[in-house]
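For reference, the structure discussed in these notes is given below.
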Amino acid sequence: MNVAGQLRLLTDDQMQTVHDKACELLEKKGIVFDADDCVELMKSHGCKVEGKTVFIDKALVEKCVAQTPGKFCLSAPNPERSVLVGEGLLTHPAGGEVFVRDFDGTLRDPLMKDFADLQKLYQALEHVDIAGYAPLSPHDVPQRSKGLWQVYESFKHSDKAILSPMEIETIDQKEEIFKLFDIYFGSGWTDNHYATWHTVCPNSPYYFSDFVCDGIRIFAEHNQPICIVSAPMTGITSPVFLLSTLILTIAEGLAGLVLAQLVQPGVPVILSASLTYGYMRTASWECASPDTALMLAASIQMVKHFYKLPARAQTGVTSSKTVDFQAGMETMQSLLFTALAGVNLTSQSVSALANLLTSSLEKTVLDNELIGRVKHMAGGLAFDDEQMGMEDLMEAAPMSDFLVNDSTLEHFRDYWAPSVSDWRAIEEWQADGSKEVVEEAHILVEKILAEAPETLLDAETDKAMRDYIASIEK
């Protein structure tokens with residue numbers, strides 16, 4: 001039995017109460033939308049408005065939730081690598097990290113080469129399902145065209161589904177992203193296919209900036225999914241209580257969903273569990289706290305089981321500044337707990353260190369293995385006549401072995417095996433240099449990068465993309 005989604009922190013009645021309280025906030029407290037066109041749109045659909053504060057009634061919330069799809073196909077440049085969002089467990093790159101940690105321990109500003117190298121790793125790693133996005137912010141390209149260069153490098157090095165970067169701040173920059181997708185897929189292709197999505201983050205509590213409003217509106221107008229990342233912190237940008245913070249994040253996520261549905265009825269919306277525990281000793285967030293994991297799991301349960309929508313989470317995370325035992329412990333704690341809660345889409349689950357401030361290529365390949373472990377365990381235990389192995393058991397003599405049984409030879413490859421971790425005998429490990437797992441990860445990183453093709457783009461598409469970016473820079 002597959003055990004993903006079997007972890008429940010809330011009863012059905014408690015989920016209804018969380019929904020009711022979130023709707024009460026939307027009806028009585030309201031949400032500030034800092035874009036006049038969005039305020040007017042919501043007003044035209046019957047919402048009460050006071051200045052830029054919009055009050056959303058429960059009936060409208062529930063109507064908009066009902067018309068939001070529970071699953072959708074995200075198309076990839078290689079159709080065989082398109083993914084179904086809302087079913088199973090998918091992983092996409094980290095987003096927002098500002099430093100790179102090299103294998104030798106150097107912490108530095110990232111370059112576009114680092115971004116490209118990460119895309120090459122995503123292409124090669126089995127358990128990274130989606131590429132692109134913003135695992136770091138390169139410092140060696142102009143800010144004005146940075147997002148375009150990130151999309152270009154993503155298409156250049158991966159044929160998996162590609163997410164838009166976070167660094168597309170203006171309306172023009174958002175619109176320009178679609179031009180690169182049009183160059184690749186053909187003009188108008190995105191009108192009828194989901195090819196990317198945009199991640200927007202309201203400012204807790206209760207505030208949607210014009211940047212966030214524009215992102216929701218423009219991507220919805222292009223019929224592309226929107227990911228709403230409400231990220232309140234207990235005791236800092238939300239009350240100190242875990243349950244109260246859950247109610248706030250649900251309310252803010254629903255507000256963004258309503259806006260998207262009013263712009264484009266039926267457009268996919270992903271609600272992300274990104275709420276975190278506020279560490280009062282330093283008045284900062286703490287992504288790797290067990291209390292964060294509890295809130296993530298409860299939020300996933302609300303989105304997946306109550307609203308029947310794709311559930312995303314900022315999971316597989318650590319506060320460790322380096323790739324060490326703490327990093328492994330916290331990453332597994334976060335990822336396994338949310339997988340058991342039924343998360344459909346994970347963010348920050350490859351490469352992230354230091355409370356999402358740093359990316360590491362070595363941790364990227366280690367996280368790929370860790371995700372594989374979690375997927376395998378979440379798949380549960382097969383239960384059928386063959387798996388009972390009664391014929392083998394009945395025929396076995398006392399103290400015999402099963403090494404050359406037909407069933408062993410036929411099925412021994414069915415089970416999980418590591419890609420980086422070392423399961424050899426200690427003598428063999430010592431003879432091979434007693435390398436730690438991070439060293440093995442570094443060797444794998446170098447191998448993947450050395451074998452990666454220079455580009456996956458044909459010459460004509462490559463030139464068209466580069467020419468378009470050059471025209472923007474001029």
Side-chain angles (χ1 to χ4, degrees), residues 18-19 21-39 41-42 47 49-56 60-61 64-65 68 95-96 134 164 166-171 174 197-220 224-239 244-264 267-276 278 285 287 292 295-296 299-300 302-303 307 309-314 345 347-348 356:
V18 169
H19 171 67
K21 295 301 182 183
C23 289
E24 183 179 344
L25 288 178
L26 295 177
E27 286 184 324
K28 296 181 179 179
K29 180 68 178 179
I31 300 286
V32 174
F33 291 89
D34 203 28
D36 292 338
D37 56 348
C38 292
V39 172
L41 174 64
M42 301 187 84
C47 294
V49 172
E50 293 180 1
K52 293 190 175 184
T53 302
V54 178
F55 302 87
I56 310 170
L60 180 59
V61 169
C64 290
V65 169
T68 306
S164 300
M166 299 168 70
E167 293 178 294
I168 45 175
E169 299 172 354
T170 67
I171 292 175
K174 291 174 172 62
W197 70 66
H198 189 36
T199 300
V200 296
C201 304
N203 299 95
S204 299
Y206 312 126
Y207 183 80
F208 281 62
S209 69
D210 54 358
F211 166 76
V212 171
C213 292
D214 291 341
I216 294 173
R217 178 180 61 79
I218 291 169
F219 273 70
Q224 295 302 301
I226 302 99
C227 179
I228 312 292
V229 180
S230 168
M233 295 172 274
T234 60
I236 300 176
T237 57
S238 73
S244 180
T245 305
L246 171 64
I247 292 169
L248 175 60
T249 201
I250 293 298
E252 291 179 343
L254 291 174
L257 180 147
V258 168
L259 176 57
Q261 293 305 314
L262 296 184
V263 175
Q264 181 74 271
V267 70
V269 176
I270 302 161
L271 299 182
S272 181
S274 300
L275 60 179
T276 55
W285 72 331
C287 70
T292 295
M295 291 189 290
L296 292 177
S299 181
I300 291 164
M302 286 296 301
V303 174
Y307 298 116
L309 297 175
R312 175 188 185 265
Q314 182 176 278
L345 188 70
S347 168
Q348 312 298 350
L356 317 185

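In what follows, every heavy atom counts, from backbone to side chain, and hydrogens, waters and symmetry copies are set aside.
- No side-chain donor-acceptor contact under 3.5 Å links Lys174 to the backbone of Ile218.
- Taking 4.5 Å as the limit, every side-chain heavy atom of Glu27 sits out of range of all side-chain heavy atoms of Ile56.
- For the pair Ile226 and Leu259, the minimum side-chain heavy-atom distance is 4.5 Å or more.
- Here the shortest heavy-atom pairing between Pro310 and Ile270 reads O-CG2, 4.1 Å.
- The shortest distance between side-chain heavy atoms of Ser274 and Arg312 falls below 4.5 Å.
- Taking NE2 of His198 as the reference point, atom CD of Gln224 lies at 12.0 Å (rounded to 0.5 Å).
- Screening Val18, Leu296, Thr234 for a side chain to side chain contact (heavy atoms under 4.5 Å, CB included) with Leu246, the sole residue that qualifies is Val18.
- With rounding to the nearest 0.5 Å, the separation of CE in Met233 from CE in Met295 is 10.5 Å.
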Yes or no on side-chain contact (heavy atoms from CB on, under 4.5 Å) for Tyr307 and Met302, after CA distance, side-chain angles and deciding distance? CA-CA 6 Å; Tyr307 298 116; Met302 286 296 301; 3.9 Å; yes
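- The heavy-atom pair separating Ala22 from Ile250 by the smallest distance is CB-CG2, 3.8 Å.
- With rounding to the nearest 0.5 angstrom, the CZ atom of Phe211 is 11.5 Å from the CD1 atom of Ile171.
- When all heavy atoms of Leu26 and Ala251 are compared, the pair lying nearest together is CD2-O, 3.5 Å.
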Apply side chain to side chain donor-acceptor pair (under 3.5 Å) to residues Thr245 and Ser238 and explain how you reach the verdict. CA-CA 6 Å; Thr245 305; Ser238 73; 2.7 Å; yes
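- Closest heavy-atom contact between Pro202 and Ile228: CD-CG2, 4.3 Å.
- Looking only at distances, a side-chain donor or acceptor of Glu252 sits under 3.5 Å from a matching main-chain atom of Tyr206.
- For the pair Ile247 and Leu25, the minimum side-chain heavy-atom distance is below 4.5 Å.
- Looking at Gln261, its side chain never comes within 3.5 Å of a backbone N or O of Val65 through a donor-acceptor pair.
- A donor-acceptor pair is defined here as one N or O able to donate and one able to accept, closer than 3.5 Å; such a pair exists between the side chain of Thr68 and the backbone of Cys64.
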Output a table of donor-acceptor pairs, distance under 3.5 Å, between side-chain atoms of residues 32-39 and any protein atom two or more places apart or on a different chain; print 'none' if there are none.
{"residue": "Asp34", "atom": "OD1", "partner": "Lys52", "partner atom": "NZ", "Å": "3.0"}
{"residue": "Asp34", "atom": "OD2", "partner": "Tyr207", "partner atom": "OH", "Å": "2.9"}
{"residue": "Asp37", "atom": "OD2", "partner": "Arg217", "partner atom": "NE", "Å": "3.0"}

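- Within the 4.5 Å cutoff, the side chain of Leu60 has heavy atoms near those of the Leu262 side chain.
- Side-chain N/O atoms of Ser272 and Gln314 include no donor and acceptor closer than 3.5 Å.
- Of all non-hydrogen atoms in Val269 and Ala260, the two that sit nearest each other are CG2-CB, 3.8 Å.
- For the pair Val200 and Cys227, the minimum side-chain heavy-atom distance is 4.5 Å or more.
- Counted by atom type alone, Ser204 and Thr237 present zero donor-acceptor pairs between their side chains at under 3.5 Å.
- Side-chain contact between Phe208 and Ile31 is present, with heavy atoms from C-beta onward closer than 4.5 Å.
- Nearest heavy-atom pair across Asn203 and Ser209 is OD1-CB, 4.2 Å.
- Expressed to the nearest 0.5 Å, how far CG of Leu257 lies from CG of Leu309 amounts to 6.5 Å.
- Distance CG/Leu345 to CG/Leu271: 12.0 Å, rounded to 0.5 Å.
- The backbone N or O of Ser230 lies less than 3.5 Å from a partner atom in the side chain of Thr249, making a donor-acceptor pair.
- Separating the CE atom in Met166 from the SG atom in Cys201 is a distance of 5.0 Å, to the nearest 0.5 Å.
- Scored by the salt bridge (Lys or Arg N to Asp or Glu O under 4.0 Å) test, Lys29 finds no partners at all (sequence neighbours excluded).
- Between Phe219 and Ser164 there is a side-chain heavy-atom pair separated by less than 4.5 Å.
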